[in-house]
A.B. asks: 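Handing you a structure now.
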Amino acid sequence: MLAAERAAAPNTLAAYGRDMESCAQSLAAHGQTLASATAEGLRAWLADLAGAGQSSRTVARRLSCIRQFYLFMLREGLRQDNPAANLDSPRPETTLPRFLSESEVLALLDACACAPGASAAKQRRGLVARAALELLYASGLRISELLNLPRQALAGDNRMMTVRGKGGRERLVPLSDSARDAAKALLAVDAPLASAYLFPGRVPTQPMTRQAFDRILHDVALRAGLDPMRLSPHVLRHSFATHMLNHGADLRALQMLLGHADIATTQIYTHVQTDRLKQAVAAHHPLARSGKGAKNSPVD
């Protein structure tokens, strides 16, 4: 159903499969199966997850999968009740997205350049890094969207690019001149590969793997003088969103650019701004600096 009706991505299908297997294993220890599970059996599974040290966010996501499974069972007439209907979902802890400063992003882009006389392989690796970082930061793409970009996405002189996101939903994202130039430079070098992908893997008929891209990102971070542990494709996506809001972007427009189905997901970036505002007040407000209360405040 997820694949045929909702066009779920392979990674989503794999994650749901792992969640259901985890639940099935816990139920088996209590003499139950997914088909015959009771609410008590599912609560025991949730307790097992919490006892194993899994975060409340992970537990909530896994419970969401199981809830969808039993709704499916009800719709298909495979069960007459829903044992997951009254299970309480743990409240996920709120964590602000990590992002880079604008100067750090520029340092990363500069670090993609190769030294004169570098081998052809190193020059191509630098072009891959530059094109990928430009697109991630300029358009706020997810890593899965980036690595699955077809070569045709950069065809012609269009200033917009069609991206297929979660659930097969398509959206248009703008292309900056520097991102287009970086992608075109990579395409020129990769022309002999005749791959359908903008970022081909070792086998040109397949896209680059996430692991291969992570190694490239790690090397660029070191050359830029940044801690690789602070850097990931999603950090660049967060940086795109944060910097857009800092420069006056509209939240609804940002939702469309990021491909969020619900604007509540996009609103996390307003919390980043709130945190920055608090820091600004703490650093620059006269009362906050003096710590001496109203006696030092200016007269109204």
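For the single chain, residues carry numbers from 1 onward in sequence order.
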A.B. asks: Could you report the tightest heavy-atom contact between S101 and S103, atom names first, then the distance?
C.D. replies: OG-OG, 3.1 Å

A.B. asks: Mind checking ring-ring contact (aromatic ring centres under 6.0 Å, His included) for F199 and listing every partner two or more places apart, or none if nothing turns up?
C.D. replies: none

A.B. asks: Is the backbone N or O of A35 less than 3.5 Å from a side-chain atom of R79, with the two atoms forming a donor-acceptor pair by type?
C.D. replies: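 It does hold such a pair.
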
A.B. asks: Ignoring hydrogens and angles, write down the donor-acceptor pairs under 3.5 Å from the side chains of residues 141-150, residues two or more places apart or on other chains.
C.D. replies:
{"unit_1": "R142", "atom_1": "NH1", "unit_2": "E145", "atom_2": "OE2", "d": "2.5"}
{"unit_1": "R142", "atom_1": "NH2", "unit_2": "G259", "atom_2": "O", "d": "3.4"}
{"unit_1": "E145", "atom_1": "OE1", "unit_2": "R142", "atom_2": "N", "d": "2.9"}
{"unit_1": "E145", "atom_1": "OE1", "unit_2": "R171", "atom_2": "NH2", "d": "2.8"}
{"unit_1": "E145", "atom_1": "OE2", "unit_2": "R171", "atom_2": "NH1", "d": "2.9"}
{"unit_1": "N148", "atom_1": "ND2", "unit_2": "S144", "atom_2": "O", "d": "2.8"}

A.B. asks: OG of S178 to CG of L135: how many Å apart, nearest 0.5 Å?
C.D. replies: 9.0 Å

A.B. asks: Decide yes or no for R75 and L71: does some side-chain heavy atom of the first lie under 4.5 Å from some side-chain heavy atom of the second?
C.D. replies: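 Yes. Closest side-chain heavy atoms under 4.5 Å.
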
A.B. asks: Give a yes or no on whether the backbone of L100 and the side-chain of S239 come within a donor-acceptor separation of less than 3.5 Å.
C.D. replies: yes

A.B. asks: Please write out which residues are connected to L87 in a hydrophobic cluster, directly or through intermediates, given that two of Ile, Leu, Val, Met, Phe, Trp, Tyr count as joined at side-chain heavy-atom separations below 4.5 angstrom.
C.D. replies: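 Listed partners: M20, L27, L34, L42, W45, L46, L49, V59, L63, I66, F69, Y70, M73, L78.
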
A.B. asks: Could you tell me whether the side chain of P207 reaches within less than 4.5 Å of the side chain of L198, counting heavy atoms only?
C.D. replies: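 Side-chain contact under 4.5 Å: no.
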
A.B. asks: Between L187 and Y197, is there shared hydrophobic-cluster membership here, with clusters defined by ILVMFWY side-chain heavy atoms closer than 4.5 Å?
C.D. replies: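 Looking at the clustering, Y197 is in a separate group from L187.
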
A.B. asks: What closest approach, in Å, do A107 and A224 show between heavy atoms, and which atom pair accounts for it?
C.D. replies: O-CB, 3.7 Å

A.B. asks: More than 12 non-hydrogen atoms from neighbouring residues, nucleotides or ligands closer than 6.0 Å to CD on E102, yes or no?
C.D. replies: yes

A.B. asks: Does atom CZ (R252) have a neighbourhood of more than 12 heavy atoms from anything else shown, all under 6.0 Å?
C.D. replies: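 No, because the 6.0 Å sphere around CZ of R252 holds 12 heavy atoms or fewer from other groups.
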
A.B. asks: State yes or no: do L175 and L236 share one hydrophobic cluster built from I, L, V, M, F, W and Y residues joined by side-chain heavy-atom distances below 4.5 Å, directly or via other members?
C.D. replies: yes

A.B. asks: Transitively linked via ILVMFWY side-chain contacts under 4.5 Å: V220 with M208?
C.D. replies: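 Linked, V220 and M208 end up in one cluster.
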
A.B. asks: Does the side-chain contact (heavy atoms from CB on, under 4.5 Å) test come out yes or no for L231 and L108, once each step is laid out?
C.D. replies: CA-CA 10 Å; L231 189 59; L108 277 176; 3.8 Å; yes

A.B. asks: Please walk me through it: do Q123 and V189 pass side-chain contact (heavy atoms from CB on, under 4.5 Å)?
C.D. replies: CA-CA 10 Å; Q123 289 181 16; V189 170; over 6 Å; no

A.B. asks: Is it the case that atom CG in N86 sees more than 12 heavy atoms from other parts of the structure closer than 6.0 Å?
C.D. replies: no

A.B. asks: If you round to the nearest 0.5 Å, how far is OG1 of T209 from CD of Q211?
C.D. replies: 5.0 Å

A.B. asks: Is there a donor-acceptor pair under 3.5 Å between the side chain of R223 and the backbone N or O of A111?
C.D. replies: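 Yes, the answer is positive, given that a donor and an acceptor are paired below the 3.5 Å cut-off.
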
A.B. asks: Rounded to the nearest 0.5 Å, how far does CG of L109 lie from CZ of R130?
C.D. replies: 4.5 Å

A.B. asks: Would you compute the distance between atom OG1 of T266 and atom CG of L254 and round it to the nearest 0.5 angstrom?
C.D. replies: 6.0 Å

A.B. asks: Taking the side chain as every heavy atom from C-beta outward, state whether R62 and Q54 have any atom pair closer than 4.5 Å.
C.D. replies: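 Yes. Closest side-chain heavy atoms under 4.5 Å.
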
A.B. asks: Check D88 with R43, please: is the shortest side-chain N to carboxylate O separation under 4.0 Å?
C.D. replies: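 No, no charged N to carboxylate O under 4.0 Å.
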
A.B. asks: Quick one: CG on L2 to CG on L13, what's the gap to the nearest 0.5 Å?
C.D. replies: 6.0 Å

A.B. asks: Go through the steps for L133 and L217 under the test side-chain contact (heavy atoms from CB on, under 4.5 Å), then give the verdict.
C.D. replies: CA-CA 9 Å; L133 291 176; L217 200 56; 3.5 Å; yes

A.B. asks: I'd like to know if the side chain of K184 reaches the main chain of L154, judged simply by a donor and an acceptor atom lying under 3.5 Å from each other, with no hydrogens or angles considered.
C.D. replies: yes

A.B. asks: Under a 3.5 Å distance rule, please check whether Q32 uses its side chain to pair with a backbone N or O of T38 as donor and acceptor.
C.D. replies: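 Yes.
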
A.B. asks: Describe, in one word, how the ring planes of H243 and Y137 are oriented to each other, choosing from parallel (under 30°), tilted (30 to 60°) and perpendicular (over 60°).
C.D. replies: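 Correct class here is perpendicular.
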
A.B. asks: Going by distance alone, is a donor N or O of one side chain under 3.5 Å from an acceptor N or O of the other, for E170 and T162?
C.D. replies: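 Short answer, no.
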
A.B. asks: Ignoring hydrogens, what is the shortest heavy-atom contact between R202 and P204? Give both atom names and the distance.
C.D. replies: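 Closest heavy-atom pair between R202 and P204: O-CD, 3.4 Å.
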
A.B. asks: Can you name the nearest heavy-atom pair linking A15 to R61, along with the distance?
C.D. replies: CB-NH1, 4.4 Å

A.B. asks: Do R125 and D219 meet the salt-bridge criterion of a basic N to acidic O distance under 4.0 Å?
C.D. replies: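 Result for this pair is yes, salt bridge flagged.
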
A.B. asks: Verify the neighbour count for atom CE of M256: are there more than 12 heavy atoms of other residues, nucleotides or ligands below 6.0 Å?
C.D. replies: no

A.B. asks: Consider side chain to side chain contact (heavy atoms under 4.5 Å, CB included). Of D190, L186, L193, which one does R151 pass it with?
C.D. replies: D190

A.B. asks: Quick check: does any side chain N or O of R237 sit under 3.5 Å from a backbone N or O of L258, one acting as donor and the other as acceptor?
C.D. replies: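 Judged by distance alone, yes, a pair lies under 3.5 Å.
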
A.B. asks: Quick check: closest heavy atoms across A138 and A179, and the distance to 0.1 Å?
C.D. replies: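 Shortest heavy-atom contact: CB-CB, 4.2 Å.
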
A.B. asks: Report yes if some heavy atom in the side chain of R159 is under 4.5 Å from a heavy atom in the side chain of D177; otherwise report no.
C.D. replies: yes

A.B. asks: Could you walk me through whether K166 and T12 pass the side-chain contact (heavy atoms from CB on, under 4.5 Å) check?
C.D. replies: CA-CA 9 Å; K166 288 185 176 181; T12 300; 6.0 Å; no

